[in-house]
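Position 1 is the first residue of the sequence, and the numbers go up from there. Remember, it's 1-based here, ligands and their atoms both numbered in the order they're listed.
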Amino acid sequence: MANSTGTEMKLGSFMSEKSAKIFVAGHRGLVGSAIVRKLQDQGFTNLVLKTHSELDLTSQSDVESFFATEKPVYVILAAAKVGGIHANNTYPADFIGVNLQIQTNLIHSAYTHGVKKLLFLGSSCIYPKFAPQPIPESALLTGPLEPTNEWYAIAKIAGIKMCQAYRIQHQWDAISGMPTNLYGPNDNFHPENSHVLPALMRRFHEAKANNAEEVVVWGSGSPLREFLHVDDLADACVFLMDRYSGFEHVNVGSGVEVTIKELAELVKEVVGFKGKLVWDCTKPDGTPRKLMDSSKLASLGWTPKISVKDGLCQTYEWYLENVVQKKQ
Ligand SMILES: NC(=O)C1=CN([C@@H]2O[C@H](COP(=O)(O)OP(=O)(O)OC[C@H]3O[C@@H](n4cnc5c(N)ncnc54)[C@H](OP(=O)(O)O)[C@@H]3O)[C@@H](O)[C@H]2O)C=CC1
Ligand SMILES: C[C@H]1O[C@H](OP(=O)(O)OP(=O)(O)OC[C@H]2O[C@@H](n3cnc4c(=O)[nH]c(N)nc43)[C@H](O)[C@@H]2O)[C@@H](O)[C@@H](O)C1=O
């Protein structure tokens, strides 16, 4: 049914098309790899996957020829330039430029080559720094952004708006999901450029291995963050592909928030580090709080399943098997 914000498409067809060709962009990353696992678990048999070196998504001509040749039926866009507070603050040109290029190329080529439905992924950093908590979808563009990640946020907001514009003008089924802070297998464990959870897991692990007395944690410890295991996010992405076809983006959160101090204590316990924490207040805190209101997704029928404690233990096991043991 057409309305002023575009067209509501037929729901429920995604899950019944197990042999439809699906392009998961960014399939080796934290999110893309979880989506591939979930699709394979659900019996999807026709995934098209390209590594960064096989297909540079910032190249408009390469993306065009990929779509002309492969003609995917569905696209899930999990490729992006991603990083934690330090990377966002240090490489603003990359975070705005690369992300605008990737998403613009993919959204436009997917539309022009007849893709049936596309899921774009943004992030909770699209919301104003001092948004009401928990943050409803309607808080978008109601106030100034957090300076440490405004460049990335602007690119993500442009992605949401591009999906909406193509829906209005072309009645094309492009939807957007806004995940909260994620973690899990295949995360980036870089000491400076990663997000807080993998950064701390690695730092505590190395401190334990080296019998260090203390571990440095950035900022004041007071910011609050909401964490969602990436397998829950992947489940939500498949759910949205099947059950959602709307103009507005959809928040995907766990509803569970902890202070960075509480998170550090939890990771310390899971890793088994016995020393003390030292806070480096020269490092930025970023947004004081960003708990998303995920009631819209809940009202559609989706809720997360993995607790932070279970998710942390599973991720640490994965880190030991796939990062630590492979280095030895
Ligand atoms: N991680 C998080 O906490 C959150 C993530 N998200 C969103 O989820 C999505 C995925 O993030 P995440 O999985 O964490 O990120 P990762 O960095 O783990 O994965 C991103 C993937 O994109 C690929 N990629 C990047 N640039 C290019 C390019 N030019 N051409 C082809 N492939 C490219 C990367 O390949 P390579 O490594 O080879 O460059 C990588 O496989 C992003 O849109 C992000 O904004 C949203 C909220 C929170
Ligand atoms: C998902 C989201 O992620 C980013 O925003 P962020 O939530 O601020 O991300 P973060 O995980 O890097 O930090 C969370 C908090 O944790 C503190 N902190 C302590 N010690 C370490 C530490 O060692 N590393 C990091 N990275 N942070 C640390 C840090 O100072 C901050 O207070 C966006 O840029 C953007 O990418 C985005 O959308």
Y152: numbered ligand 2 atoms lying under 4.0 Å from its heavy atoms:
35 (C), 36 (O), 37 (C), 38 (O)
Counting only heavy atoms, which portion of M178 has something under 4.0 Å from ligand 1: side chain, backbone, both, or neither?
neither
Does V82 approach ligand 1 within less than 4.0 angstrom via side chain, backbone, both or neither, non-hydrogen atoms only?
side chain
I need the atoms of ligand 1 closer than 4.0 Å to a non-hydrogen atom of L121, numbered in the order shown.
43 (O)
Purely on distance, is any nitrogen or oxygen of G219 under 3.5 Å from one on ligand 2?
no
By number and element, which atoms of ligand 2 are closer than 4.0 Å to a non-hydrogen atom of K290?
2 (C), 5 (O), 6 (P), 7 (O)
I'd like to check which ligand 2 atoms, numbered from 1 as shown, lie under 4.0 Å from a non-hydrogen atom of S123.
37 (C), 38 (O)
Please report which non-hydrogen protein atom sits nearest to atom 36 (O) of ligand 2, along with the residue it belongs to and the distance in Å to one decimal place.
G83 O, 2.7 Å
Polar contact flag for P284 and ligand 2 (N/O pairs, less than 3.5 Å):
yes
Could an N or O of ligand 2 be found under 3.5 Å from any N or O of V196, whether backbone or side chain?
yes
Identity and distance of the protein heavy atom lying nearest atom 20 (N) of ligand 2:
W218 N, 3.0 Å
Identified ring-ring contact (aromatic ring centres under 6.0 Å, His included) partner of F23 from the options Y74, F44, F66:
F66
Answer side chain, backbone, both or neither: which part of S194 comes under 4.0 Å from ligand 2, heavy atoms only.
backbone
Under 4.0 Å from one or more heavy atoms of R28, ligand 1 contributes atoms 41 (O)
If you measure every N/O of N181 against every N/O of ligand 2, is any gap under 3.5 Å?
yes
Just jot down the ligand 2 atoms closer than 4.0 angstrom to any heavy atom of R225, in number order.
6 (P), 7 (O), 8 (O), 14 (C)
Mind checking whether V98 contacts ligand 1 via backbone (N, CA, C, O), side chain (CB onward), both or neither, at a 4.0 Å heavy-atom cut-off?
neither
Under a 4.0 Å threshold between the charged nitrogen and the carboxylate oxygen, would E257 count as salt-bridged to R225?
no
Protein contact of atom 46 (C) of ligand 1 - nearest heavy atom, named by residue and atom, plus distance:
G122 O, 3.0 Å
Under 3.5 Å: N/O of E192 near N/O of ligand 2
no
Using a distance-only test with no angle check, is there a side-chain donor-acceptor pair under 3.5 angstrom linking D173 and Y244?
no
Between Y183 and ligand 1, which part of the residue brings a heavy atom under 4.0 Å of the ligand: side chain, backbone, both or neither?
neither
Determine, counting only non-hydrogen atoms of the protein, whether one lies under 4.0 angstrom from atom 37 (O) of ligand 1.
no
Do any nitrogen or oxygen atoms of R203 lie less than 3.5 angstrom from nitrogen or oxygen atoms of ligand 2?
yes
Does the side chain of S220 pick up a donor-acceptor pair with the side chain of D285 at under 3.5 Å?
yes
Run the contact test for T58 against ligand 1 with a 4.0 Å cut-off on heavy atoms, strictly below, and give the result.
yes
Location of contacts on H27 toward ligand 1, heavy atoms closer than 4.0 Å:
neither
